[in-house]
Amino acid sequence: MRAQDSATGYGTIAVGGGTETAPGTATAPAPTAGTTQAAGTTPGTAPGMGPTPNRATPAPYAPQHAPKAPARRGTLLASLGVVAFSLTFPSTAWGLESFGPWSLVALRSTLAALIAGCFLLAARAPVPERRHWAGLAVVAGGVVVGFPLLTTLALQTSTTSHAAVVVGLLPLTTAVLGSLRTGERPSRTFWVAALAGAAVVIGFTVQQSGGALTSGDLYLFGALLVCAAGYTEGGRLARVMPGWQVIGWALMLCLPFAVAGSAVTLPLEPVHLTAHGVLGLVWVAAGSTFFGLYVWYKGMAGIGVPRASQLQLAQPLLTLAWSVLLLGEEVSAAAPLAAVAVLVCIAATQRTGRRRAPRPLPAGETGPVRS
């Protein structure tokens, strides 16, 4: 007689010359008349042979998450980050109406760190492990300090449309650094589409700015490199911890320096508070630095650094649109044509696959992490 074991399924227990049911288990129903095959036997068992134990059939492999849903969600989050970033230059231009470049960056980092600290305390977020602090330092140096400072200095002599010339190279730079850092190997079609998109953005924005170079270009190229490094490292860390904690702890790492910088620079640089200046400061702190980087890193964790970086091809065009609406800058009628060309390149980069999967995470790390 067969006994049902809660852990192993059906089994046969023989006692002496008969059979009995194991204590605490349900008795299997007896075969009904006319049944051609005994329950628990495998197909092809000869008549008269005793039943053989059922063996659990291995379930077919199924991924933990459907492939399309996380990709769509990651694309949406990364796109929200691009929209937030596209307002950074106009908001910085507004902020410079009230603050000097050094005090604006220091106040921006201080306010963003205070917002992040409130979220970390409310969520009781665990302190990152020691091995993650080096990566967080790269994020802090790249996107919390380096990029805001260098672009703010550049915008003292450059217009927002001219600054978009260099920012148009950011997706390609991030994709290159991301491939080197994470081991992702996009296909050849991906690189062709990425280069084409970058060429369209550069050609369009150079035409808009008249093709003239300014002294701020050196700052902008430096900002391009440090920001790409911060994006890449942040996208890698977002695979092992929630994206908002990545930027949150990077901001907290900078808080002592930001407070000290605010205390030193505010007395040295003139302050003329205006509605535009205050609104610009609030946005670059809460919108661009905290919210924008939160959704951006979470999106990169879902779709990968190279693919997410190509969504930023739309950022210069969005920045130009905000420049017209908020700052009154003039943009030619070529903008719609450039926008269509860039969107085609974005669609191509999002549909191409990778040649090789990213490098596996170090021992003890799991990902991606849901936040």
Side-chain angles (χ1 to χ4, degrees), residues 65-89 135 139 142-144 147 164 167-179 181-182 184 186-187 190-191 193-194 197-198 201 224 227-248 250 283-284 286-319 321-322 339 342-354 357-358 367-371:
H65 307 289
K68 292 184 178 180
R72 291 175 180 173
R73 186 166 180 263
T75 301
L76 175 61
L77 291 173
S79 299
L80 288 176
V82 171
V83 173
F85 297 153
S86 69
L87 281 162
T88 301
F89 285 174
V139 175
V143 302
V144 177
F147 185 79
V167 172
L169 295 174
L170 184 57
L172 181 60
T173 308
T174 305
V176 172
L177 292 182
S179 297
R181 182 68 178 90
T182 65
E184 295 180 357
S187 65
F190 176 96
W191 289 116
V201 170
L224 172 71
C227 188
Y231 281 172
T232 300
E233 196 64 21
R236 186 190 69 84
L237 288 173
R239 296 167 59 196
V240 297
M241 68 176 69
W244 71 272
Q245 292 186 22
V246 173
I247 184 58
W283 177 258
V284 292
S288 299
T289 305
F290 182 74
F291 173 76
L293 289 172
Y294 160 56
V295 294
W296 176 246
Y297 284 145
K298 191 168 184 179
M300 281 200 296
I303 62 177
V305 174
R307 290 182 65 189
S309 68
Q310 297 314 297
L311 293 173
Q312 279 195 303
L313 287 170
Q315 183 174 325
L317 300 177
L318 291 174
T319 299
W322 294 123
V342 169
L343 290 176
V344 170
C345 294
I346 291 175
T349 59
Q350 297 306 296
R351 290 180 177 275
T352 55
R354 302 182 181 92
V369 174
R370 293 179 177 270
S371 57

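Please read all numbers here as calculations on a predicted model, not as lab measurements. Reckoned from all heavy atoms, side chains included, excluding hydrogens, waters and symmetry mates.
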Rounded to the nearest 0.5 Å, how far apart are [atom1] of [X] and [atom2] of [Y]?
{"X": "F85", "Y": "L311", "atom1": "CZ", "atom2": "CG", "result": "11.5 Å"}
{"X": "T75", "Y": "Q310", "atom1": "OG1", "atom2": "CD", "result": "12.5 Å"}
{"X": "Q315", "Y": "L87", "atom1": "CD", "atom2": "CG", "result": "9.5 Å"}
{"X": "T232", "Y": "M300", "atom1": "OG1", "atom2": "CE", "result": "7.0 Å"}
{"X": "S79", "Y": "L318", "atom1": "OG", "atom2": "CG", "result": "10.0 Å"}

What pair of heavy atoms forms the shortest contact from [X] to [Y], and how long is it?
{"X": "V139", "Y": "G230", "value": "CG2-O, 3.8 Å"}
{"X": "C345", "Y": "A193", "value": "CB-O, 3.7 Å"}
{"X": "P316", "Y": "G168", "value": "CG-CA, 3.7 Å"}
{"X": "G287", "Y": "A84", "value": "O-CB, 4.0 Å"}
{"X": "T173", "Y": "L169", "value": "OG1-O, 2.9 Å"}
{"X": "L313", "Y": "P171", "value": "N-CG, 3.6 Å"}

**Prompt:** Which class fits the ring pair Y231 and Y297: parallel under 30°, tilted 30 to 60°, perpendicular over 60°?
**Reply:** perpendicular

**Prompt:** Should the pair F89 and F147 be assigned to parallel (<30°), tilted (30 to 60°) or perpendicular (>60°) ring geometry?
**Reply:** parallel

**Message:** Applying side-chain hydrogen bond (donor to acceptor under 3.5 Å, both in side chains), can you list everything that pairs with S288, at least two apart in sequence or on another chain?
**Reply:** T88, W283

Side-chain donor or acceptor of [X] paired with backbone N/O of [Y] under 3.5 Å:
{"X": "T319", "Y": "S86", "result": "yes"}
{"X": "Q312", "Y": "V82", "result": "no"}
{"X": "T289", "Y": "V284", "result": "yes"}

**Item:** Pair V144-I247, side-chain contact (heavy atoms from CB on, under 4.5 Å): steps then yes or no
**Value:** CA-CA 9 Å; V144 177; I247 184 58; 3.9 Å; yes

